[in-house]
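Each remark here refers to the structure printed beneath this line.
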Amino acid sequence: MKLALNIPGGRRKAAADGIGERRVNTSAGDGISDLIGRVSLGDRAAFSALYDRTSAKLFGVSLRILRERSQAQDALQETYVKVWRNASLFSGMGQSPMSWLIAIARNQAIDMLRARGRPAADLDEAATVEDAAPDPEQAALAGDEARRLALCLGELPAERAGALRAAYMEGYSYEELASRYKVPLNTMRTWLRRGLIGLRECLERGGVR
Amino acid sequence: MTGEVPLNTPGRDELAAEYALGVLSGAEREHAEKLALTDREFALAVARWQQTLSPLADEIAGTPPPAAVKQALERRLSGFPDAREARWYDSLLLWRAVALAASVAALMLGFALVSRDTGPGPLIAAINTEAGAAQYVAHVGPGGRTLTLARLDDKVAPAAGRDHELWLVEGGNAPVSLGVIGRSAKSRLTVPAGLAAKIAAGAILAISDEPLGGSPTGKATGPVIALGPVRDL
């Protein structure tokens with residue numbers, strides 16, 4: 001397990017270079033905090049720059065939950081209206097800027113998903129992809145935080161880790177998860193509550209047993 | 001994320017975790033959402049869980065949205081004042097709003113709008129909602145210690161069980177509370193001595209929706225409902 005944390009320098013560089021293309025590492029907030037601060041002062045140019053730097057990530061997140069392009073576009077628009085209105089609240093939350101932005105995008109998409117209901121076909125068809133843990137290559141490319149989280153998810157029973165990942169990535173509700181995993185609702189609650197607490201305990205001791 | 005969030009009620013951190021993960025629905029989700037807006041400790045617990053879980057989003061590939069989204073956003077936000085672009089200060093609409101606001105303020109509050117004293121001020125701010133119409137007018141008396149607010153539209157009055165709080169945003173610092181605004185259409189606040197000098201042209205006054213009695217934490221917890229820059233009168 002510990003070996004996975006040691007990535008040779010060259011590899012790490014390659015990993016960092018990959019960020020611009022596909023990923024915005026959630027812990028990398030250089031400059032984005034400043035932009036949010038300026039947006040809180042009503043700075044439209046800063047808002048435009050913030051949008052340019054972060055909208056692809058947030059669109060990806062919305063699209064993953066809503067699966068429908070035009071709805072994800074609506075969700076994205078509402079997300080940035082909230083960013084504009086609530087930017088002044090960011091600094092008090094002690095959160096990384098990408099985590100704050102992603103949370104707004106996820107909440108918006110989940111609200112829309114709950115309001116419209118998820119087509120039953122989505123529930124079955126989605127089952128395979130999102131449960132899979134990242135392959136070693138993906139894990140190696142991820143940032144330190146993501147690697148620690150993946151290690152700690154790996155300590156949970158596989159089904160619970162899968163349900164937790166599915167909830168985060170696809171926006172599943174307790175009810176949907178219970179039906180997908182064919183367990184009673186209360187069992188699913190227990191799975192995820194214990195899973196979340198186990199996850200935090202693992203992260204707090206540094207991810208290594 | 002630093003520091004522990006003490007949550008006295010058992011199960012509240014679990015609720016925060018479930019809300020952050022997004023698995024709640026219906027009344028439970030609404031309840032958690034309300035708590036996150038009104039209860040600072042709960043909001044911080046939610047933020048901490050969002051931070052904990054956010055590396056999962058690293059696995060989601062970015063997808064550039066179509067340009068139409070940004071264009072629609074810019075249209076929607078165009079009624080909101082821009083604190084930075086000089087062009088905004090040239091806007092005829094703005095000057096009309098400020099002129100109207102100033103005259104309304106003069107009428108409603110009976111101000112002598114001409115400074116009698118020396119020293120800083122008087123200053124004025126038209127505090128706009130997103131739609132761009134002035135909903136509050138603030139007047140800061142000479143010396144900066146007396147701030148009078150007039151609400152121009154009762155539609156923006158605080159809901160039952162809520163209060164509006166006035167904030168000063170200045171020099172990129174976190175907003176500082178100037179106090180809870182009275183429920184009547186006109187209210188007067190005494191500015192703390194240390195803040196008087198900071199209320200100057202270019203600073204921003206913002207109004208947020210807060211629990212009764214104002215934010216329990218000294219930081220805005222509710223949505224900002226209106227804001228506007230302070231100007232020399």
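Quick note: numbers below take in every heavy atom, side chains included, and nothing from hydrogens, waters or symmetry partners. Only a predicted model underlies this, so the values are computations on that prediction, with no experimental measurement involved.
- A salt bridge does not link B:Asp58 with A:Lys57: none of the charged nitrogens is closer than 4.0 Å to a carboxylate oxygen.
- A distance of 8.0 Å separates OG1 of B:Thr52 from CD of A:Glu204, quoted to the nearest 0.5 Å.
- Within residues 184-194 of chain A, the residues approaching chain B closer than 4.5 Å by heavy atoms are, in numerical order, A:Arg189, A:Leu192, A:Arg193.
- Residue with the most contacts toward chain B among A:Val61, A:Ile110, A:Asn107: A:Asn107 (heavy-atom pairs, distance under 4.5 Å).
- Residue contact with chain A, scored on non-hydrogen atoms closer than 4.5 Å, is absent for B:Trp167.
- The shortest heavy-atom contact between B:Asp13 and A:Arg200 is OD2-NH1, 3.6 Å.
- Rounding to the nearest 0.5 angstrom, the gap separating the CZ atom in A:Arg44 from the CG atom in B:Leu77 is 6.5 Å.
- Taking all atoms of both residues into account, the shortest heavy-atom contact from A:Leu149 to B:Pro55 is CD2-CB, 3.9 Å.
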Trace of the side-chain contact (heavy atoms from CB on, under 4.5 Å) decision for B:Ser25 with A:Glu175: CA-CA 9 Å; B:Ser25 47; A:Glu175 289 81 2; 3.1 Å; yes
Derivation and outcome, side-chain contact (heavy atoms from CB on, under 4.5 Å), residues B:Gln51 and A:Met98: CA-CA 9 Å; B:Gln51 182 72 39; A:Met98 280 316 292; over 6 Å; no
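- If you take CG on B:Leu24 and CZ on A:Arg114, they are separated by 8.0 Å, rounding to the nearest 0.5 Å.
- With a 4.5 angstrom heavy-atom cutoff, A:Asp74 does not touch chain B via any of its atoms.
- Without hydrogens or angle criteria, A:Gln95 side chain to B:Arg48 main chain gives no donor-acceptor distance under 3.5 Å.
- Across all their heavy atoms, A:Gly92 and B:Arg40 have their closest contact at O-NH2, 2.7 Å.
- Contact check on A:Arg165 versus B:Glu59 returns a salt bridge, with a Lys/Arg side-chain nitrogen under 4.0 Å from an Asp/Glu carboxylate oxygen.
- Neither the backbone nor the side chain of A:Leu58 has a heavy atom closer than 4.5 Å to any heavy atom of chain B.
- In this structure, B:Arg76 forms no cation-pi arrangement with A:Trp84, as its terminal cationic atom is not both closer than 6.0 Å to the ring centre and no more than 45° off the ring axis.
- Only the backbone of B:Ala20 comes within contact range of chain A, with heavy atoms under 4.5 Å apart.
- In terms of non-hydrogen atom pairs under 4.5 Å with chain B, the most contact-rich of A:Asp111, A:Leu63, A:Ile197, A:Leu153 is A:Asp111.
- Note: A:Tyr51 leads A:Phe90, A:Tyr51, A:Trp100 in heavy-atom pairs under 4.5 Å with chain B.
- Heavy atoms closer than 4.5 Å to chain B are found in both the backbone and the side chain of A:Ser48.
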Working for side-chain contact (heavy atoms from CB on, under 4.5 Å), residues B:Trp49 and A:Ser99: CA-CA 10 Å; B:Trp49 277 108; A:Ser99 159; over 6 Å; no
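- In this structure, the side chain of A:Arg106 engages the main chain of B:Leu21 through a donor-acceptor pair within 3.5 Å.
- Here the CE atom belonging to A:Met93 is positioned 4.5 Å from the CG atom belonging to B:Leu44, to the nearest 0.5 angstrom.
- With A:Arg64 contributing its side chain and B:Ala57 its backbone, the two residues share no donor-acceptor pair below 3.5 Å.
- Proximity to chain B (any heavy atom under 4.5 Å) is shown, for A:Tyr174, by both the backbone and the side chain.
- Note that OG of A:Ser173 and CD of B:Glu18 are 12.0 Å apart. Values are rounded to the nearest 0.5 Å.
- The shortest side-chain heavy-atom distance between B:Pro66 and A:Phe59 falls under the 4.5 Å cut-off.
- In this structure, the side chains of A:Leu76 and B:Pro65 come closer than 4.5 Å at one or more pairs of heavy atoms.
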Verdict with supporting geometry, A:Leu196 and B:Leu53, side-chain contact (heavy atoms from CB on, under 4.5 Å): CA-CA 9 Å; A:Leu196 286 161; B:Leu53 295 170; 4.1 Å; yes
